[in-house]
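This is a predicted model, so every value here is computed, not measured. In what follows, every heavy atom counts, from backbone to side chain, and hydrogens, waters and symmetry copies are set aside.
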Amino acid sequence: KGNKIYLYFVDASYDEDQLSVVTSTDNGQTFSEKQKVKVQDTPTYATVDPHPELISGKIRLYYFSNPMTPDNPKEPEVFRMYSAISDDGVNFENPQIAFESSEIITDPDVFQTDKDWRMFISKGQDLVLAISTDNGLTFQEDKSFSWNEGGVCDTIKMDGLYRTYFCGQGGIGSAVGAENGKLTVEQGT
């Protein structure tokens, strides 16, 4: 955004996990001091697994909202992915539920295809595919999608090809076909 790279990460260097961001103006050679990411009306421990997207000059941050509080580590009945929007990349406003599930989910991976927005969500070593028809605000699960080769992924469009990098049994693997809702594992690790 504005010739600046924003790098978001879960920062465990404090008493409780939080999101932090560093920026670079020299194409990633050096980075600024870290800053604490603030999401409107949201405790810091409740925003993890960041996935930023640049949309219309603003940064939309998708994240898993950790429902377990430091005082109550009990597993909840509903797990949620949220999105929030920012002009400066540090202060995010208007958090909205993007996806929810009764099963444990983590790590949203959001990408735009030629026809819609899609989100892969980790469910252990499985992935859930959810599709948005409202420009990436809310997502509904595609029940026809099935994947158990690995989780915690990132999908990148390169030269017209959507490649999904995932954490699998043998390390980091790659697959193609995310835009069609059918991943095919590629050779190699």
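If you take CG on Leu137 and CD1 on Ile85, they are separated by 8.5 Å, rounding to the nearest 0.5 Å. Taking CG from Asp11 and OG1 from Thr44, the interatomic distance works out to 10.5 Å, rounded to the nearest 0.5 Å. Separation of atoms CD1 (Ile97) and OG (Ser65) is listed at 8.5 Å; rounding is to 0.5 Å. One finds the CD atom of Glu93 at 7.5 Å from the OG atom of Ser86 (value rounded to the nearest 0.5 Å).
A chain of hydrophobic side-chain contacts below 4.5 Å, direct or via other Ile, Leu, Val, Met, Phe, Trp or Tyr residues, connects Leu127 to Leu129. A continuous path of hydrophobic side-chain contacts links Phe139 to Met81 [ILVMFWY only; heavy atoms under 4.5 Å]. Cluster annotation: Leu183 is not connected to Leu161 through the hydrophobic network of ILVMFWY side chains, with a link wherever side-chain heavy atoms come within less than 4.5 Å. Note on Ile55 and Ile131: separate hydrophobic clusters, where clusters join Ile, Leu, Val, Met, Phe, Trp and Tyr whose side-chain heavy atoms are under 4.5 Å apart, directly or indirectly. In terms of hydrophobic clustering, with Ile, Leu, Val, Met, Phe, Trp and Tyr side chains grouped at heavy-atom distances under 4.5 Å, Met119 and Ile156 are assigned to different clusters.
Ring geometry, Phe79 versus Phe64: the interplanar angle falls under 30°, so the pair is classed parallel (tilted spans 30 to 60°). Using the six-membered ring where Trp is involved, Phe111 and Tyr162 have ring planes that are tilted, between 30° and 60° apart.
Two residues are said to be in side-chain contact when any heavy atoms from C-beta on lie closer than 4.5 Å; Leu7 and Phe31 meet this criterion. Between Val90 and Lys38 the shortest side-chain heavy-atom distance does not fall below 4.5 Å. Contact of the Phe92 side chain with the Arg60 side chain is not registered, since no non-hydrogen atoms from C-beta on lie closer than 4.5 Å. Using a 4.5 Å heavy-atom cutoff, the side chains of Thr133 and Lys115 are not in contact. Residues Gln125 and Gln169 are in side-chain contact: their nearest non-hydrogen atoms beyond the backbone lie under 4.5 Å apart. Proximity of Tyr6 to Lys1: side-chain heavy atoms (C-beta onward) are separated by under 4.5 Å at one or more points. Considering only heavy atoms from C-beta on, Leu19 stays 4.5 Å or farther from Tyr8 through its side chain. Residues Val78 and Ser102 have side chains not in contact (no heavy-atom distance under 4.5 Å, counting atoms from C-beta outward).
Pairs of residues two or more places apart, or lying in two chains, that qualify as salt bridge (charged side-chain N to carboxylate O under 4.0 Å, His left out) and include a residue from residues 117-145 are Glu103-Lys123, Asp116-Arg118, Glu141-Lys143. Within the structure, the ring pair (Phe, Tyr, Trp, His ring centres under 6.0 Å) test picks out the following pairs touching residues 164-184 (sequence neighbours left out): Trp147-Phe166. Here salt bridge (charged side-chain N to carboxylate O under 4.0 Å, His left out) pairs that include residues 148-170, with residues two or more places apart or in two chains, are Asp114-Lys157, Arg163-Glu186.
Between the side chains of Thr155 and Asp109, a donor-acceptor pair is found at a separation under 3.5 Å. For the 3.5 Å distance criterion, the side chains of Tyr82 and Arg80 fail to qualify, holding no donor opposite an acceptor. No side-chain N or O of Thr42 forms a donor-acceptor pair with one of Thr47 less than 3.5 Å apart. Side-chain contact check for Thr138 and Gln140: no donor-acceptor pair (N or O, by modelled atom type) lies under 3.5 Å.
Although no hydrogens or angles enter the test, the distance criterion places no donor-acceptor pair under 3.5 Å between the side chain of His51 and the main chain of Tyr62. Checking side-chain atoms of Thr23 against main-chain N and O of Lys4 turns up no donor-acceptor pair under 3.5 Å. With hydrogens and angles disregarded, no donor-acceptor distance shorter than 3.5 Å links the side chain of Asp107 to the backbone of Val152.
Shown here for Ala178 and Thr164, the closest heavy-atom pair between the two residues is CB-OG1, 3.6 Å. Pairing each heavy atom of Cys153 with each of Ser122, the nearest pair is N-OG, 4.3 Å. Residues Pro50 and Val10 approach most closely at CD-CG2, 4.0 Å, considering heavy atoms. Across all their heavy atoms, Phe145 and Gly181 have their closest contact at CD1-O, 3.1 Å. Heavy-atom minimum distance, Ala98 versus Ser83: CB-N, 4.5 Å. When all heavy atoms of Pro52 and Ile59 are compared, the closest pair comes out as CB-CG2, 4.0 Å.
The number of heavy-atom neighbours closer than 6.0 Å to CG of Asn3, taken from other residues, nucleotides and ligands shown, is 12 or below.
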